[in-house]
Asker: 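First the structure, which I've put down as structure tokens, then a few questions once you've had a look.
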Amino acid sequence: MENTVNQLVILGNGFDLNCGLHSKYDDFFHERFEKIDTDEVIDVLLNHKPNNNGSALNLKVYGIKDPQFRTFTNNPDPECNYEDKLTYFDLLFMATERYMGLDSSWSNVEQILQEVLHIMYDPNNQAGFDTSEEIAMKAVELKDTCFNNYKFNSEEDKIEFITFVLHIFNKTVEDKNIEKSLKKFEETFGRFISSQISDEYISKVDNELNKLIDEKADVLSFNYSATPLLDFQLRDNSKISEWYNVHGLARWDQLARKAAVRMVHDNSIKLPRPIFGISRYDQTKKEFLSVNDPIHHFTKGDRREEAIKEMPYNFLEYQISPEVNKVTVFGHSLGMTDYDYFKKIFQKLDLANSKLQLEIYYLNEVDRQNKIEALQQMFNEYGHDAAINSRDLYNKLVNEKRLVFKAIEK
């Protein structure tokens, strides 16, 4: 029984932030755009014809000279692979920062991406537009039904933002340019995270996990950063049993692969790249996407399944030990974006009827209330399968002292 794993530790981005990693999307965008006049880029593109065959990605054509996007590489030649440095998603989040600057959700990649995909994969929009006038009319038509969960500086800004979205993503569906651009964007974000990882950060990860783990635990990480596969301190931590980076790794290039080869002694190893994707849960409609929805293949689940098929090693697919009686969550928002993972855990460990304990860490009182609301929303969905009312389930766990909230130590 000495090697029995009784605990599952779930790590979200809040854990990395607590360990000193600057891993927020807005950290990434601010560094990525630090030398760019983003307002100029937006204004110039809006004053030209809509994107066609990737024209929006070639800023030099529009007279914008030497746009130095931070690529997080040491390439001394700024002209090398120029177009690979810019993606449609760079342009998108330049615009969200400009038009939604008053809303802290401007960098919410998954939710904004979902809304953009809904617009562009609408059968009425897939073929694209030929003129700016057509796009302007469509933007006015969409203003009351799209992006209603965000604060814009004004209604005019909302219309201009939708216009810009239609402008840059014009005619990108049929040739699958959105998928291609998303993969490039993932690579760039992965390089950003890699540039943040240090020995000090890994040491903090190791120390924090020693505090979180009682005896021995599996770790389910939603982060792209730390991994025992590449970080010896974690590999040598006897409290860690299995570790899963379910959305891939920031360090997946040839240098990292060589380190992993030395670890597993197999030259065929291939590391999983960072995976971005949307939630299967549509936050706008408050319902799950149909498997027949044209944007379903952008969900994290579908994109993980694609990556798993390419992996000779099972780095992305996680197994839940049936012996787990405690689930510790640190730094995860408990948002519906990752509900599928939590549903699998709740079902496998029979949350409603077992003695499973949920231990959830929070940053402050506002964060605690947000996590309570998010957990109740999860329970509302899980309750349909477990045949129990969500409020009854929540109260049951509280009364049985199986739901515990703990403040993060400063």
Side-chain angles (χ1 to χ4, degrees), residues 10-17 19 21-29 31-32 69-73 81 84-90 92-93 107-114 117 178-198 201-202 205 219-231 234 243-257 259-260 269-279 297-318 331-333 335 337-338 340-341:
I10 299 175
L11 305 179
N13 189 44
F15 178 81
D16 270 355
L17 294 172
C19 293
L21 200 71
H22 299 292
S23 52
K24 289 183 178 179
Y25 284 127
D26 50 352
D27 292 327
F28 164 65
F29 290 124
E31 283 202 44
R32 177 95 165 127
F69 288 90
R70 178 81 182 275
T71 58
F72 312 104
T73 67
N81 297 322
D84 284 348
K85 296 178 184 178
L86 176 66
T87 71
Y88 292 114
F89 297 98
D90 288 319
L92 172 63
F93 290 100
S107 58
N108 192 325
V109 168
E110 289 90 353
Q111 289 187 23
I112 293 173
L113 173 59
Q114 188 179 73
L117 292 173
I178 295 181
E179 288 98 322
K180 296 172 188 174
S181 194
L182 184 59
K183 286 186 176 181
K184 291 180 181 179
F185 186 61
E186 290 168 338
E187 292 174 13
T188 306
F189 186 77
R191 289 197 292 270
F192 164 71
I193 293 295
S194 295
S195 73
Q196 304 292 314
I197 296 173
S198 64
Y201 157 72
I202 297 298
V205 169
V219 176
L220 182 65
S221 177
F222 287 89
N223 302 327
Y224 307 106
S225 46
T227 170
L229 197 61
L230 300 170
D231 303 310
L234 304 180
W243 183 297
Y244 307 97
N245 293 85
V246 293
H247 291 153
L249 295 170
R251 293 168 289 172
W252 63 285
D253 58 11
Q254 284 300 316
L255 189 63
R257 197 187 79 81
I269 192 172
K270 185 177 179 182
L271 297 180
R273 53 183 289 140
I275 297 171
F276 284 3
I278 62 175
S279 171
H297 67 285
F298 283 98
T299 61
K300 287 181 178 178
D302 277 20
R303 301 202 71 232
R304 281 183 69 251
E305 288 301 320
E306 290 176 15
I308 287 171
K309 291 175 183 176
E310 300 175 2
M311 293 291 110
Y313 284 85
N314 205 10
F315 294 134
L316 292 172
E317 189 62 69
Y318 62 99
H332 195 288
S333 67
T337 302
D338 293 320
D340 284 348
Y341 301 97

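Each residue takes its place number in the sequence, starting with 1. In this text, all values refer to a predicted model and were calculated from it rather than measured experimentally.
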Asker: For the atom pair OG (S221) and CH2 (W243), what is the distance rounded to the nearest 0.5 Å?
Answerer: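 These two atoms lie 5.5 Å from each other.
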Asker: Holding to side-chain contact (heavy atoms from CB on, under 4.5 Å), I want the full list of residues that pass it with S333, two or more places apart in sequence or in another chain.
Answerer: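 Residues passing side-chain contact (heavy atoms from CB on, under 4.5 Å) with S333: none at all.
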Asker: Would you please test H247 and Y341 for ring-ring contact (aromatic ring centres under 6.0 Å, His included) and show each step?
Answerer: CA-CA 11 Å; H247 291 153; Y341 301 97; 5.4 Å; yes
Asker: Return the set of residues passing salt bridge (charged side-chain N to carboxylate O under 4.0 Å, His left out) with R303 (not counting sequence neighbours), or none when no residue passes.
Answerer: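 Here the qualifying residues are E186.
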Asker: Can you tell me if D231 uses its side chain to pair, donor with acceptor, with the backbone of I202 under 3.5 Å?
Answerer: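 Here the side-chain-to-backbone pair does not exist.
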Asker: How would you list, by chain and number, every residue that makes a salt bridge (charged side-chain N to carboxylate O under 4.0 Å, His left out) with E179, sequence neighbours excluded?
Answerer: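 E179 satisfies salt bridge (charged side-chain N to carboxylate O under 4.0 Å, His left out) with no residue once adjacent residues are dropped.
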Asker: What pair of heavy atoms forms the shortest contact from P274 to A250, and how long is it?
Answerer: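 Smallest heavy-atom distance, with atoms named: CG-CA, 4.1 Å.
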Asker: In Å and rounded to the nearest 0.5 Å, what is the CZ to OG distance from R251 to S225?
Answerer: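 Reported to 0.5 Å precision, the distance equals 7.5 Å.
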Asker: In sequence, state the C-alpha distance, the side-chain angles, and the governing distance for T227 and L234, and then conclude on side-chain contact (heavy atoms from CB on, under 4.5 Å).
Answerer: CA-CA 7 Å; T227 170; L234 304 180; 5.9 Å; no
Asker: Any side-chain heavy atom of W252 within less than 4.5 Å of one from E187?
Answerer: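 Yes. Closest side-chain heavy atoms under 4.5 Å.
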Asker: Check whether any side-chain N or O of D302 sits under 3.5 Å from a backbone N or O of T299 as a donor-acceptor pair, and report yes or no.
Answerer: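 Not a single qualifying donor-acceptor pair exists.
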Asker: Knowing that exactly one of L113, I112, N108 qualifies, which makes a side-chain contact (heavy atoms from CB on, under 4.5 Å) with F93?
Answerer: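 Considering L113, I112, N108, a side-chain contact (heavy atoms from CB on, under 4.5 Å) with F93 is found only for I112.
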Asker: Could you grab the distance from atom NE2 of H297 to atom CD1 of I278, nearest 0.5 Å is fine?
Answerer: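 If we round to the nearest 0.5 Å, H297:NE2 and I278:CD1 are 9.0 Å apart.
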Asker: Is the shortest heavy-atom distance from the side chain of L86 to the side chain of K184 under 4.5 Å?
Answerer: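 They are not in contact (no side-chain heavy atoms under 4.5 Å apart), so the answer is no.
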Asker: Passes side-chain contact (heavy atoms from CB on, under 4.5 Å), T188 versus F89? Steps please.
Answerer: CA-CA 11 Å; T188 306; F89 297 98; over 6 Å; no
Asker: As an exercise, state the distance from CZ of F189 to CZ of F28, rounded to the nearest 0.5 Å.
Answerer: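 CZ of F28 is found 6.5 Å from CZ of F189.
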Asker: Starting at CG of L229, measure out to CG of L249 and round the result to the nearest 0.5 Å.
Answerer: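 If we round to the nearest 0.5 Å, L229:CG and L249:CG are 7.0 Å apart.
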Asker: Tell me if the aromatic rings of H22 and F192 count as close, with their centers under 6.0 Å from one another.
Answerer: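 No, the ring of H22 stays outside the 6.0 Å limit from the ring of F192, centre to centre.
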Asker: Which distance, rounded to the nearest 0.5 Å, do you find between the CZ of R304 and the CD1 of I275?
Answerer: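 Taking CZ in R304 and CD1 in I275, the distance rounds to 6.5 Å.
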Asker: If we count only N and O atoms by modelled type, under 3.5 Å, do the side chains of S194 and Y224 hold a donor and an acceptor together?
Answerer: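 There is no such pair (donor and acceptor under 3.5 Å, judged by atom type) between the side chains of S194 and Y224.
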Asker: According to salt bridge (charged side-chain N to carboxylate O under 4.0 Å, His left out), who are the partners of D16, at least two apart in sequence or on a separate chain?
Answerer: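 D16 satisfies salt bridge (charged side-chain N to carboxylate O under 4.0 Å, His left out) with no residue once adjacent residues are dropped.
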Asker: Do any N or O atoms from the side chain of E110 and from the backbone of S279 form a donor-acceptor pair under 3.5 angstrom?
Answerer: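 A pair under 3.5 Å: no.
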Asker: With sequence neighbours left out, write down each residue that passes side-chain hydrogen bond (donor to acceptor under 3.5 Å, both in side chains) with Y88, or none if nothing qualifies.
Answerer: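 Y88 satisfies side-chain hydrogen bond (donor to acceptor under 3.5 Å, both in side chains) with N51 once adjacent residues are dropped.
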Asker: Write down the atom of I10, the atom of F222, and the distance for their closest heavy-atom approach.
Answerer: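 Taking I10 first and F222 second, the nearest heavy atoms are CG2-CE1, 3.5 Å.
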Asker: Salt bridge check, D253 against R191: does any charged N sit closer than 4.0 Å to a carboxylate O?
Answerer: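 Salt bridge between R191 and D253, a charged N being under 4.0 Å from a carboxylate O: no.
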Asker: Please tell me if the side chains of S181 and F185 come closer than 4.5 Å, counting only heavy atoms from C-beta onward.
Answerer: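 They are not in side-chain contact.
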Asker: Tell me if the aromatic rings of F298 and F276 count as close, with their centers under 6.0 Å from one another.
Answerer: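 Centroid distance F298-F276: not below 6.0 Å, so no.
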Asker: Can you find a heavy atom in the side chain of D338 that is under 4.5 Å from one in the side chain of K300?
Answerer: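 Yes. Closest side-chain heavy atoms under 4.5 Å.
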Asker: Does R32 reach the main-chain N or O of D90 with its side chain, forming a donor-acceptor pair under 3.5 Å?
Answerer: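 It does not hold such a pair.
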Asker: Answer yes or no: does atom NZ of K24 have more than 12 heavy-atom neighbours from other residues, nucleotides or ligands under 6.0 Å?
Answerer: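 Incorrect, the count does not exceed 12.
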Asker: Work out which heavy atom in K183 is nearest to a heavy atom in R273; give both atom names and the distance.
Answerer: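 Taking every non-hydrogen atom into account, O-NH2, 2.7 Å.
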Asker: For D340, enumerate each residue passing the salt bridge (charged side-chain N to carboxylate O under 4.0 Å, His left out) test, keeping only those at least two apart in sequence or located in another chain.
Answerer: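 So D340 forms a salt bridge (charged side-chain N to carboxylate O under 4.0 Å, His left out) with R280.
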Asker: Specify the closest pair of heavy atoms between S23 and N13, including all atoms of both residues, with the distance to one decimal.
Answerer: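 Taking S23 first and N13 second, the nearest heavy atoms are OG-OD1, 2.5 Å.
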Asker: Donor-acceptor pair, distance only, cut-off 3.5 Å: does the side chain of N245 make one with the backbone of A226?
Answerer: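 Yes; at least one donor-acceptor contact below 3.5 Å.
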